[in-house]
Number of protein chains: 2
Amino acid sequence: MENTASRRTRPAKPALTREWIVEETVRIMREEGFEKATMRRVAARLDTGAASLYVYFPNNAELHAAALDQMLSTATSAETGWWRDRLDTLLDNYAEVLFALPGLARSAVVVRPLGPNSIRVYDQLLGLLIEGGADPGPAAWGVNLLLQYVTATAAEHSSTAPKEMYSDRDPQREFAGLARAIADADSATAPNLARHGQLAYTGTPRQRMQWAISVIVEGIRATATPGTETGR
Amino acid sequence: MENTASRRTRPAKPALTREWIVEETVRIMREEGFEKATMRRVAARLDTGAASLYVYFPNNAELHAAALDQMLSTATSAETGWWRDRLDTLLDNYAEVLFALPGLARSAVVVRPLGPNSIRVYDQLLGLLIEGGADPGPAAWGVNLLLQYVTATAAEHSSTAPKEMYSDRDPQREFAGLARAIADADSATAPNLARHGQLAYTGTPRQRMQWAISVIVEGIRATATPGTETGR
DNA sequence: ACCTGAACACCGTTCAAGT
DNA sequence: ACCTGAACACCGTTCAAGT
C-alpha cells in the first residue's frame, strides 16, 4: 500500500532515503572535494532543497559522519598474520580514507562516525589490542586514542592542497613555520628547542605515524586504567 | 617623521597593529565565545572593515592561532618538583585554555600556534621529556604527539555547550551515541565490543586524559625513533 | 604601505505552507 | 510524515579605489 513506487515506471523523482543522501554526499566528496559537500549542494544534486535533508540528518556534521562511515567499508585488517601487522594494516586503511579527504578528518575529530563500518573498525582494533596482550580496560580506552591520533593527524593536512598524499609531502614546506620559529628562538628563551628542535622535523610523515602508533600501542600494553568502575 | 601619533591627543582611530587585533579577538572569544570571533565582527569592534585585517593575517585560521598563543601566556609548569608532575601541570594548563574554548581547539588541530607562548610550552615540554629520561629524538617527536592529543581531545567537545568543563561532564550524555551503537552491535558482528565495549566509557574525562598522557609519555620513553637523519 | 566599502560567492538552519 | 521555497542571519575573501 505504502510502497507503490515499484508499480510506476521510472518515477521522475525517487523518494529520498538516508542511504541515497549518503551515497550522493560521498560521490560529491570524491569528485569535487569535501568542501563542496554542503547541505545545499548535496540537496541540489538530489533535485531538492537543503531543508529536505534535515528530515534525515540533524545537521551537516552528522551527514559528514555518515559519509565517512560509508567510505570506511574499505578499512579492514587481514584475516591472518601477526596481530601487530594486522593492526598496522587496519589503521593504514583508516588513514588512507581520511588523508584523501582531510576536511572530512577535521569534521571527524568532533563527530565520530558510529555506523556499521566504523563499529567494525572499533571492534577489530579492540580485538587486536587484546590479542596483543593488552588488558580489556586499556584496550577499550586505547581504541579511542589510536583512532583519535590518526584522525587528528589527517586533519592537520586539511589546510593544504586536497590532492597531496601524506607519504610524499615535502617536509621543508610542512615544517616551514615551525623551523622558522625554532630558528628565531634563541637559546636563552628556548634552550631545549635551540639544542634539539631540529629533531622535530626529521623523518617522513609515514615514519612519524608508525612511530606514534608504536608509542601508543606499547603505552596501552604497559599502562593500567584506574579501575573498572563506571564514571559517576 | 613617520610616527607622529604621539604628538596628537586622543586620536579618534588609533592605527591597527597586530597586537591590537589579537587582543580584541581574545576579548571577543572570552566574552562572546569562539564562534563570534569572525573576521567581520573583530573588524567591526575595531571600527573598520574585515578587509583591513588581511594586512596583518592571511586568513582567519592564522588570527585564531595568534589569539591562542596570546591565551597560552598562562600555560607554564612549576619551576621545581618531579619532572612528571611538572609535565602534568603544563599540559593541564594547556588543556584548560583549550577546554574553555573548544572551537579554538578545533581550529588549532589544523593550524598550530607558533608565537612566543607556544614556543615556550614546546620548549618546556621538550625539556621535561628529556629530564624524564627520553632521548632527544623521541622527545622532539613526542612534544607534537602530546600536544596533539590534548588539542584533539578539547576539540571533541566543540559541539557541546561552550560553558561545560571537562572535569564535570556527564558520561551518560557524552557516550550516548557510542553506548547505543555498542548495544545495537550484536555479538556476531562485533564480538569484542559486545564483550568489552562497556569499558570504553568508564572513568571520568580527567582520568582518561591522565591515562592517555601516561600512555604517551611511557611510550615516548620506550620507543626509539627511526634514526637521526633529516627527512630528504 | 595601509586602509576601506562594496561586491562576490557562498553558507547552515528554520519555518510556514503544502502534500 | 515528508517535502519545499523562501527567508533569516550570517560567513571568508578579493579588489578597485583611495590616502
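The analysis underlying the following values was restricted to heavy atoms, covering all of them including side chains, and did not include hydrogens, waters or symmetry mates. All chains are named by letter (A, B, ...) in the order of the sequence lines, taking the proteins before the strands, and each is independently numbered beginning at 1.
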Worksheet item: Rounded to whole angstrom units, what separation is found between the CZ atom of A:Arg18 and the P atom of D:dA1?
Response: 18 Å
Worksheet item: Just checking, any donor-acceptor pair under 3.5 angstrom between side chains of B:Gln148 and A:Thr153?
Response: yes
Practice prompt. Go through the structure and list residues passing side-chain hydrogen bond (donor to acceptor under 3.5 Å, both in side chains) with B:Asn144, not counting sequence neighbours.
Written response: none
Worksheet, complete the sentence: Across all chains, not counting sequence neighbours, the ring pair (Phe, Tyr, Trp, His ring centres under 6.0 Å) partners of A:Tyr149 are none
Fill in: DNA chain D base-pair string [pairs: Watson-Crick or G-U under 3.5 Å; |: paired with another strand]
||.|||||...|||||.||
Worksheet entry | Spacing between A:Asp47 atom CG and D:dC2 atom P, to the nearest angstrom | 20 Å
Worksheet item: Thinking salt bridges, do B:Arg195 and A:Asp123 make one under a 4.0 Å N-O criterion?
Response: no
Worksheet item: Is there side-chain contact between A:Tyr122 and B:Ile182, with at least one heavy-atom pair below 4.5 Å?
Response: no
Worksheet, complete the sentence: Taken to the nearest whole Å, CD1/B:Ile21 to P/C:dC2 is 11 Å
Worksheet item: Can you tell me how far C1' of C:dC11 sits from CD of A:Glu32, to the nearest Å?
Response: 16 Å
Discussion item. Which heavy atom of B:Ala66 sits nearest to which heavy atom of B:Arg18, and what is that distance?
Written reply: CB-NH1, 4.4 Å
Practice prompt. Ignoring backbone atoms, test whether B:Tyr56 places a side-chain nitrogen or oxygen under 4.0 Å from the OP1 or OP2 oxygen of C:dC3.
Written response: yes
Protein N or O to nucleotides 12-14 of chain C N or O, pairs below 3.5 Å:
| residue | atom | partner | partner atom | Å |
| --- | --- | --- | --- | --- |
| C:dG12 | OP1 | A:Met39 | N | 3.4 |
| C:dG12 | OP2 | A:Met39 | N | 3.2 |
| C:dG12 | N7 | A:Arg40 | NH1 | 2.6 |
| C:dG12 | O6 | A:Arg40 | NH1 | 2.6 |
| C:dT13 | OP2 | A:Tyr54 | OH | 2.7 |
| C:dT13 | OP2 | A:Asn60 | N | 3.1 |
| C:dT13 | O5' | A:Tyr54 | OH | 3.2 |

Discussion item. Suppose the criterion is ring pair (Phe, Tyr, Trp, His ring centres under 6.0 Å): which pairs have a residue in residues 38-58 of chain A, not counting sequence neighbours?
Written reply: none
Discussion item. Taking D:dA9 as the reference, what is the distance to C:dC8 when you measure between their P atoms (whole Å, please)?
Written reply: 23 Å
Worksheet entry | Length of the CZ-C1' vector between A:Phe57 and D:dC3, whole Å | 16 Å
Worksheet item: With nearest nucleotides of DNA chain D determined for A:Gly49 and A:Val55 from heavy-atom distances, which residue corresponds to the more 5′ nucleotide?
Response: A:Val55
Fill in: A:Ile21 CD1 to A:Arg45 CZ distance, which is reported to the nearest 0.5 Å
14.0 Å
For residues 111-121 of chain B, tabulate all N or O donor-acceptor pairs below 3.5 Å that involve a side-chain atom, not counting sequence neighbours.
| residue | atom | partner | partner atom | Å |
| --- | --- | --- | --- | --- |
| B:Arg112 | NH2 | A:Glu156 | OE2 | 3.2 |
| B:Asn117 | OD1 | B:Arg120 | NH2 | 3.1 |
| B:Asn117 | ND2 | B:Asp69 | O | 3.0 |
| B:Ser118 | OG | B:Asp69 | OD1 | 2.4 |
| B:Arg120 | NH1 | B:Ala75 | O | 2.7 |
| B:Arg120 | NH2 | B:Leu72 | O | 3.2 |

